[in-house]
There are 2 protein chains.
Amino acid sequence: MLSKKTKYGLKALTFLAAQKGRTPVQISEIAKHENISQKFLESILLTLRKTGLLGSKKGKGGGYYLIKEPKDIPMTTVMRVLEGPIAMVPCVSLNFYEKCEDCPDEASCSVHKLMLQVRDSTLEVFRNNTLADLVP
Amino acid sequence: MLSKKTKYGLKALTFLAAQKGRTPVQISEIAKHENISQKFLESILLTLRKTGLLGSKKGKGGGYYLIKEPKDIPMTTVMRVLEGPIAMVPCVSLNFYEKCEDCPDEASCSVHKLMLQVRDSTLEVFRNNTLADLVP
DNA sequence: TTATTACCCTATCGATTTAATAGAGTAAGC
DNA sequence: GCTTACTCTATTAAATCGATAGGGTAATAA
């Protein structure tokens, strides 16, 4: 299940990508336009800024803006920042690998085998999509 | 994230599929072999039986067994029973569709557009795998 | 310099889900 | 008729999620 955090983050990023210039957009404007709790959105934009996807400007006329061009922001990056691991189990994760404490042998584990395929196919989708592809 | 319930369920089904005959296997044997809490496994096998994937036999020499051949059990069925919706958001789910209460227009929703692709690629994996494919 | 604006941070909260456990009940077989 | 093993209900602790509240701080315009 996709978390609201990711859902809202994607919507906010898409909204920023759809702006004409790269002038700062206020949180309140994004929240209103996308039907998102403003306070919740604040924390999401904050993490996006800390990860280097967004820049912010304080004071009058301030707000958030994209640092890079939408076409240079792959969905793999966005999803990992917002949702975390792309894999459904840690033992097939590229960036968040962890061994299962049960399961003595990964190579012969049926769950491992299946989830590896799911991870690969999902990854391909995210690799083939940039933020630019999400803008209507 | 894959739930333990699904993980254990898949392992149990694979274990049953790997049996030579279709004679009942005790819960305790499955639990021991796959490192699963027996009581937790009980409830999982129960739902699998209620869904028609497994049969059970009581009394001495009883246990659980597969009703159909492993090659006739597609992963789509198993995953929907154990994990629920395959889609990451209800608005792109085939079997569990629900409209988003935010989001005025699905067609122009960036999240919808992306998650539709993910659902399709994941679905393809599950459609191409039966229980027989998971047996080592 | 001063007032305003808007970002930034911490803490809290209720609701929900998850994973596991306990204990009693019931049906089948020897 | 007694054992075995499945069946069901209830409870629990822990974790996570989504949201809210409230104040602090820095940058900008005037």
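So you know, we letter chains A, B, ... as the sequences are listed, proteins then strands, and number each from 1.
- A salt bridge does not link Asp133(A) to Lys71(A): none of the charged side-chain nitrogens sits closer than 4.0 Å to a carboxylate oxygen.
- Between dA20(C) and Tyr8(B), a contact under 4.0 Å exists linking OP1 or OP2 to a side-chain N or O.
- Between dT7(D), dC8(C), dT21(C), one nucleotide has an atom nearer to the side chain of Ser56(B) than all others, and that is dT7(D).
- Along DNA chain D, the nucleotide nearest Leu2(A) and the nucleotide nearest Arg49(B) are compared for position; the residue whose nucleotide lies closer to the 5' end is Arg49(B).
- Put simply, CG on Leu46(A) is 18 Å from P on dG24(D), counting in whole angstrom units.
- Within the structure, every side-chain polar atom (N or O) of Ser37(A) is placed at least 4.0 Å from both OP1 and OP2 of dG18(D).
- Hydrophobic cluster membership is shared by Phe15(B) and Met79(B), with clusters built from Ile, Leu, Val, Met, Phe, Trp and Tyr side chains linked at under 4.5 angstrom.
- Checked by distance alone, Lys39(A) brings no side-chain donor or acceptor within 3.5 Å of a matching partner on the base of dG18(D).
- In this structure, the CD1 atom of Ile27(B) is 6 Å from the C1' atom of dC6(D), given to the nearest Å.
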Please assess Leu45(A) against Ile30(A) for the test side-chain contact (heavy atoms from CB on, under 4.5 Å), listing each intermediate value before the final yes or no. CA-CA 10 Å; Leu45(A) 295 178; Ile30(A) 306 175; 4.2 Å; yes

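- A donor atom on one side chain and an acceptor atom on the other are found under 3.5 Å apart for Ser3(A) and Glu83(A).
- Regarding Glu42(B), its CD atom lies at a distance of 17 Å from the P atom of dA10(D), rounded to whole Å.
- Whole-Å rounding puts the Lys58(A) NZ to dA29(D) P distance at 15 Å.
- Taking atom CG of Leu48(B) as the reference point, atom P of dT7(D) lies 12 Å away to the nearest angstrom.
- Sequence order on DNA chain C of the closest nucleotides to Gly59(B) and Lys5(B) puts Lys5(B) first from the 5' end.
- Atom pair Lys50(B):NZ and dC8(D):C1' shows a separation of 8 Å (rounding to whole Å applied).
- Taking atom NZ of Lys57(A) as the reference point, atom C1' of dT25(D) lies 18 Å away to the nearest angstrom.
- Gln26(B) contributes no side-chain N or O that forms a donor-acceptor pair with the base of dC6(D) under 3.5 Å.
- The cluster map of Ile, Leu, Val, Met, Phe, Trp and Tyr, joined by side-chain heavy atoms under 4.5 Å apart, puts Leu54(A) and Leu46(A) in the same cluster.
- Across the protein-nucleic acid pair, Leu41(B) atom CG and dA20(C) atom C1' stand 13 Å apart, rounded to whole Å.
- Side-chain nitrogen and oxygen atoms of Tyr65(A) include none within less than 4.0 Å of the OP1 or OP2 phosphate oxygen of dA6(C).
- No contact: Ser28(A) has no heavy atom under 4.0 Å from any strand.
- Dashed line: the shortest gap from a side-chain N or O of Ser43(A) to OP1 or OP2 of dC9(C) is not under 4.0 Å.
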